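In what follows, a single structure is set out as structure tokens and then discussed.
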2 protein chains.
Amino acid sequence: MTAVTIECCPPLTRGPLSEQDAVDLAALLKAVADPVRLRLLSMIGSHEGGEACVCDLTDAFDLTAPTISHHLKVLRTAGLIDGERRGTWVYYRVIPETVARLGTIFTPLA
Amino acid sequence: MTAVTIECCPPLTRGPLSEQDAVDLAALLKAVADPVRLRLLSMIGSHEGGEACVCDLTDAFDLTAPTISHHLKVLRTAGLIDGERRGTWVYYRVIPETVARLGTIFTPLA
DNA sequence: CGCTTGATTAGAGGAATGTCAAATTAGACG
DNA sequence: CGTCTAATTTGACATTCCTCTAATCAAGCG
């Protein structure tokens, strides 16, 4: 599916964030500001082979399959993960560039 | 006022996040997952002297004073900023340790 | 003391969000 | 084709969140 590409932003303490940058950044942060999505992201990112099957992810939570599917869609729409169907199962992998951008925002440059 | 202290967490891709760590981290991320609070944080952090008066912050937005006060409280409760009253005005400053922790979570260790 | 200005608290209304059950799509396999 | 499993979509409900108005607290000043 479509993955939104966001290029913003410099570190927070660099200077006042523009209104538009703040809106874009907030959208990205909202995608990760949820316990389930954080665990999904870390499970996918740390899974062997760099990808994880939805079936594995669903089993790890005490939540229904539609709920997990919903959270995966939020992460995917934010450009944090990407999914691919291979036969019966769907596999997700992390898009490291987007995750890295989150890091740079909160990392003060020396 | 009181500032919550959180010590978690290792980088996301290091390994699956524990449920408790995910809850703590999500709470911290929710505090910054808002355009107004992001701009407040960057305005305070980049302000000369490392601190900013509430009066300056309020003027920069098209929002009422109580709304700004609410957002400042959210940031303060999350341990991201700290406020101090000096005479007539209240000044806020960033707590860099908390911001830095956000950075480490999304920064892949080499 | 009474007034003015700065800032927070309290309460309410409307929008956004997380979850689930039910229905739907997509492949694999007899 | 029919059916079974995997995954997503749809629609509904309860909760949380953002914003405002009104009221309150704090400090300075005449």
Side-chain angles (χ1 to χ4, degrees), chain A residues 1-4 19 22-41 43-44 47 51-78 80-93, chain B residues 1-3 17 19 22-41 43-44 47 51-78 80-93:
Chain A
M1 268 292 304
T2 49
V4 175
E19 187 164 350
V23 169
D24 293 343
L25 225 190
L28 184 57
L29 284 167
K30 269 201 300 185
V32 292
D34 178 273
V36 175
R37 291 197 289 271
L38 278 174
R39 290 182 66 200
L40 284 171
L41 200 58
M43 289 172 75
I44 296 170
H47 200 272
E51 61 182 16
C53 173
V54 174
C55 53
D56 297 328
L57 301 173
T58 302
D59 291 348
F61 293 87
D62 198 19
L63 296 168
T64 65
T67 297
I68 299 299
S69 196
H70 160 71
H71 286 302
L72 289 171
K73 185 176 187 176
V74 171
L75 290 172
R76 197 179 42 196
T77 302
L80 286 158
I81 62 174
D82 195 14
E84 178 195 0
R85 172 163 220 133
R86 286 207 298 277
T88 305
W89 295 283
V90 175
Y91 296 87
Y92 281 95
R93 65 166 45 76
Chain B
M1 267 296 304
T2 49
L17 221 52
E19 189 165 349
V23 170
D24 293 343
L25 224 190
L28 184 56
L29 284 167
K30 267 201 301 185
V32 291
D34 177 273
V36 176
R37 292 197 288 271
L38 278 175
R39 290 182 66 200
L40 283 172
L41 201 57
M43 289 172 74
I44 296 170
H47 200 271
E51 61 182 17
C53 172
V54 174
C55 53
D56 297 330
L57 302 173
T58 302
D59 291 349
F61 293 87
D62 199 19
L63 296 168
T64 64
T67 298
I68 299 299
S69 198
H70 159 71
H71 285 301
L72 289 171
K73 185 175 187 176
V74 171
L75 291 172
R76 197 177 43 197
T77 302
L80 286 159
I81 61 174
D82 195 13
E84 177 196 0
R85 173 163 220 133
R86 285 205 299 277
T88 305
W89 294 282
V90 174
Y91 296 88
Y92 280 95
R93 62 173 6 89

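Reminder, nothing fancy here: chain letters follow the sequence lines and each chain counts from 1. The shown structure was predicted, so the numbers you read here are calculated from the model rather than taken from an experiment. Worth knowing before you read on, the calculation uses all heavy atoms, side chains too, and leaves out hydrogens, waters and symmetry mates.
Whole-Å rounding puts the B:L57 CG to C:dG6 P distance at 14 Å. Following rounding to the nearest Å, B:H71 (NE2) and D:dC18 (C1') show an atom-to-atom distance of 6 Å. At whole-Å resolution of the value, CG in A:D59 and P in D:dA6 are 9 Å apart. A straight line from CZ of B:F61 to P of C:dA7 spans 14 Å, rounded to a whole angstrom. C:dT8 atom C1' lies 16 Å from atom CG of B:L63, rounded to whole Å. Here the C1' atom of nucleotide C:dA21 and the CD1 atom of A:I68 are 16 Å apart, to the nearest Å. One can place CD of A:E84 at 16 Å from C1' of D:dA6, the figure rounded to the nearest angstrom. Separating the NZ atom of A:K73 from the C1' atom of C:dG18 is a distance of 15 Å, rounded to the nearest angstrom.
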message: Run the side chain to side chain contact (heavy atoms under 4.5 Å, CB included) test on B:L28 and B:L80 for me, step by step, so that the C-alpha distance in whole Å, both residues' side-chain angles and the decisive distance to 0.1 Å come before the verdict.
response: CA-CA 8 Å; B:L28 184 56; B:L80 286 159; 4.0 Å; yes
message: Show, in sequence, the C-alpha distance, side-chain angles and deciding distance for A:F61 and A:H71, and conclude whether the side chain to side chain contact (heavy atoms under 4.5 Å, CB included) test is met.
response: CA-CA 12 Å; A:F61 293 87; A:H71 286 302; over 6 Å; no
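Position along DNA chain D of the nearest nucleotide to A:D56 versus B:V74 favours A:D56 as the more 5'-ward residue. Between B:C53 and A:V36, the residue anchored nearer the 5' end of DNA chain C, judged by the nucleotide with its closest heavy atom, is B:C53.
Residues forming a side chain to side chain donor-acceptor pair (under 3.5 Å) with A:T67 (at least two apart in sequence, or on another chain): A:T64. Under the side chain to side chain donor-acceptor pair (under 3.5 Å) criterion, B:R93 pairs with B:E51, sequence neighbours left out. Take A:V90 and apply the side chain to side chain contact (heavy atoms under 4.5 Å, CB included) test, not counting sequence neighbours, and it matches A:V54, A:R85, A:Y92.
With rounding to the nearest 0.5 Å, the separation of CD1 in A:I44 from CD1 in A:I81 is 4.5 Å. The distance from atom CZ of A:R76 to atom OG of A:S69, rounded to the nearest 0.5 Å, is 7.0 Å. Taking CG of A:L41 as the start and CG of A:L72 as the end, the distance is 10.0 Å to the nearest 0.5 Å. Summarising the geometry, atom CG belonging to A:D56 is positioned 12.0 Å from atom CD1 belonging to A:I68; distances are rounded to the nearest 0.5 Å.
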Do any N or O atoms of the protein come closer than 3.5 Å to N or O atoms of nucleotides 12-17 of chain C, and which pairs are they?
{"unit_1": "C:dT17", "atom_1": "OP1", "unit_2": "A:K30", "atom_2": "NZ", "d": "3.0"}

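Each end of the helix from C:dC1-D:dG30 to C:dG30-D:dC1 yields a helix axis from five base pairs, and these two axes differ in direction by 10° (to the nearest 10 degrees).
At D:dT8, one or more side-chain N or O atoms of A:Y92 fall inside 4.0 Å of OP1 or OP2 (strictly under the cut-off).
Considering all non-hydrogen atoms of both residues, A:A65 and A:T58 come closest at CA-CG2, 4.1 Å.
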statement: Protein-proximity profile, nucleotides 21-30 of chain D, B/S/- by nucleotide at the 4.0 Å heavy-atom cutoff, equals BB---SSS--
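Residue pairs that meet the salt bridge (charged side-chain N to carboxylate O under 4.0 Å, His left out) test with at least one member in residues 32-41 of chain A, sequence neighbours left out, are A:R39-B:E19.
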